[in-house]
Every structure is written in C-alpha cells, then in structure tokens.
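See below for the structure under consideration.
All of these numbers come straight from a predicted model, not from anything done at the bench.
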Amino acid sequence: MDISSYVLLSHEQALRRRLDIAANNMANVSTVGFKREQPVFHEYVEKGTDAVVDAAKTTSFVLDYGAVHDTTAGSFQPTGNPLDVMIDGPGYLAVEAPGGGTAYTRAGFVKVLESGDLAVAGGQRLLGEGGKPINVPPEEIPSLSIAADGSVMGAKGPLGRIAVTVFPNEASVDPRGDGLLTGTGGQELGAAQTKLRSGGVEGSNVQPIVETTDMVEILRAYQSSQQMNESMADMRKRALDRLGRFG
C-alpha cells in the first residue's frame with residue numbers, strides 16, 4: 001500500500017467518525033438536556049526523504065482528536081411540574097453517580113424520593129451546595145418550589161440550594177453512556193451566578209436539518225474518496241502493465 005492509500009484511509013476514518021457523531025446527534029434530537037457533539041480533527045504531517053520533488057516530501061494525515069459539545073442552549077419546554085428546572089446559561093446539575101462519585105446532567109426533571117431527598121428522573125439524588133443531598137420533610141412537599149438562584153423553598157423557608165457546576169474546559173465533560181456526564185475541574189456557581197427556570201426543562205439543541213445536511217455531505221465526501229482510490233488503483237495497474245511490456 002503506497003502513501004496515497006494511507007492518506008485516503010485516514011480521511012475515510014475521519015468521515016466515519018463524523019458520521020457516527022451525526023447519527024448519535026440525530027438519535028438524541030428529543031433527549032432532554034442533550035448537547036450536540038462536534039468532531040475535532042488535527043492534521044498530522046509526516047516528513048519523508050524519498051520523494052522525487054520537494055513538494056511531495058511532506059504528507060498530511062487526518063487524526064481524530066475527539067469531540068466537543070455545542071453549548072448552545074436548547075429551548076424551554078414547560079412540563080407543568082414546579083420542581084422541574086432548566087439551567088439558564090452554562091453549567092450542569094450535580095447528582096450522585098451510580099456506583100459512587102459525582103455525575104452531571106442538564107436534564108432537569110426533579111422529583112422527591114420516598115426518603116425525602118430530591119432526585120432526577122433516573123433516581124440519582126440531586127446534590128446541593130458542597131455536594132450534599134437536599135432533604136425535604138414530608139409536610140413541606142405540598143408547598144415545595146425552586147427559586148431562580150436554585151434555592152429549594154418550603155412553607156417555612158429555604159431547605160437547601162441546588163448546585164450548578166461549570167467547567168472551564170467543556171472538553172473535559174464526557175458522556176458516561178447512561179444519560180449522565182462525567183467531568184473534572186468543575187466549580188460550583190454561587191447564588192448570584194445561578195439562574196434556573198422552574199416549571200420546565202431544556203430541550204435538545206440538535207437541529208435535524210443541520211444533521212441531515214451534514215450526513216449527506218459526509219456521504220458525498222466518502223464517495224469522492226472511494227472514486228479517487230479507484231482511480232489511483234487503475235493508474236497503478238496501467239503503470240505495471242506498461243512496465244511488464246518492457247520486461
């Protein structure tokens with residue numbers, strides 16, 4: 001396999017990665033709090049010494065560097081539940097991860113467990129300031145509400161405050177595969193910086209038309225790459241046939 005085939009192979013692997021991400025975005029078009037992903041690629045330049053001309057001594061490959069989240073906010077979707085919240089701005093709700101530790105989510109479906117602790121839809125306990133669960137006494141549940149700064153209010157006053165965690169580098173936030181995210185280097189926002197909208201949740205920011213267009217472009221790029229590969233194979237075959245005649 002010559003160098004041109006390796007370059008095309010790296011390009012086609014990058015296209016496959018783009019297609020996987022676009023397909024995953026489309027699959028989550030209705031997932032509450034989902035942030036569309038975008039692939040990130042780097043160029044790798046290899047320098048050789050065997051090329052006949054100087055311009056051919058450097059070869060550019062495509063390297064899959066990873067994916068980043070599009071932090072554009074999704075639309076507010078009213079649910080009629082006064083406990084459901086949408087983060088108005090950057091950040092994530094912190095929850096107890098299955099198996100221990102802390103996980104994060106933008107899906108603000110909030111409910112009260114039988115134990116009185118606030119939790120998200122999957123049953124993971126919602127964490128307040130300092131990473132502590134928020135417990136609601138039974139008599140406070142009928143009058144429960146959540147203020148814009150994350151304060152959980154009962155009839156007799158605040159019962160705690162929902163923590164919103166931001167990450168300086170969104171690339172450090174990765175899906176766990178169970179609807180939750182993991183992240184490192186997060187910082188809790190103070191009450192003055194926290195902005196929540198209650199009574200609804202954040203919809204996915206995926207735009208189906210954009211993803212469909214991207215998938216069509218990927219398909220066309222892959223077809224062009226395949227045609228180029230076939231053309232180079234034909235060129236090599238003709239060259240070998242001509243060399244064979246001289247032999």
* Asked: Does the pair E12 and S225 meet the rule for a side-chain hydrogen bond (donor to acceptor under 3.5 Å, both in side chains), with working shown?
  -> CA-CA 7 Å; E12 290 168 7; S225 180; 2.8 Å; yes
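- For the residue pair D70/T72, the side-chain donor-acceptor check at 3.5 Å is satisfied.
- Looking only at side-chain heavy atoms (C-beta outward), M215 and R220 stay at 4.5 Å or farther from each other.
- For the pair D214/R18, a side-chain contact is recorded, criterion being any heavy-atom separation below 4.5 Å from C-beta on.
- A heavy-atom distance below 4.5 Å is not found between the side chains of T102 and V95.
- Without hydrogens or angle criteria, E202 side chain to G74 main chain gives a donor-acceptor distance under 3.5 Å.
- Taking E96 as the reference, R125 meet the side-chain hydrogen bond (donor to acceptor under 3.5 Å, both in side chains) condition, with sequence neighbours excluded.
- At a threshold of 4.5 Å between non-hydrogen side-chain atoms, the residues L196 and M86 do not count as touching.
- For the pair F34/N25, a side-chain contact is recorded, criterion being any heavy-atom separation below 4.5 Å from C-beta on.
- Within a 6.0 Å sphere centred on NZ of K111, heavy atoms belonging to other residues, nucleotides or ligands number more than 12.
- Hydrophobic clustering, with ILVMFWY side chains joined whenever heavy atoms are under 4.5 angstrom apart, keeps V164 apart from F109.
- Following chains of ILVMFWY side-chain contacts shorter than 4.5 Å, one cannot reach L189 starting from Y92, and the two form parts of different hydrophobic clusters.
- No side-chain heavy atom of T182 sits under 4.5 Å from any side-chain heavy atom of Y104.
- The number of heavy atoms from other shown groups lying within 6.0 Å of CD (Q38) is above 12.
- The list of salt bridge (Lys or Arg N to Asp or Glu O under 4.0 Å) pairs with a residue in residues 72-94, not counting sequence neighbours, is empty.
- Proximity of E211 to R36: side-chain heavy atoms (C-beta onward) are separated by under 4.5 Å at one or more points.
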Side-chain donor-acceptor pairs under 3.5 Å in residues 137-145, sequence neighbours left out?
unit_1: E140; atom_1: OE1; unit_2: A155; atom_2: N; d: 2.6
unit_1: S143; atom_1: OG; unit_2: E140; atom_2: O; d: 3.3
unit_1: S143; atom_1: OG; unit_2: A155; atom_2: N; d: 3.2

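- When all heavy atoms of A97 and R176 are compared, the closest pair comes out as CB-NH1, 3.8 Å.
- In this structure, the side chains of L180 and P98 come closer than 4.5 Å at one or more pairs of heavy atoms.
- Minimum interatomic distance between N28 and S204 (heavy atoms only, all atoms of both residues): O-OG, 3.1 Å.
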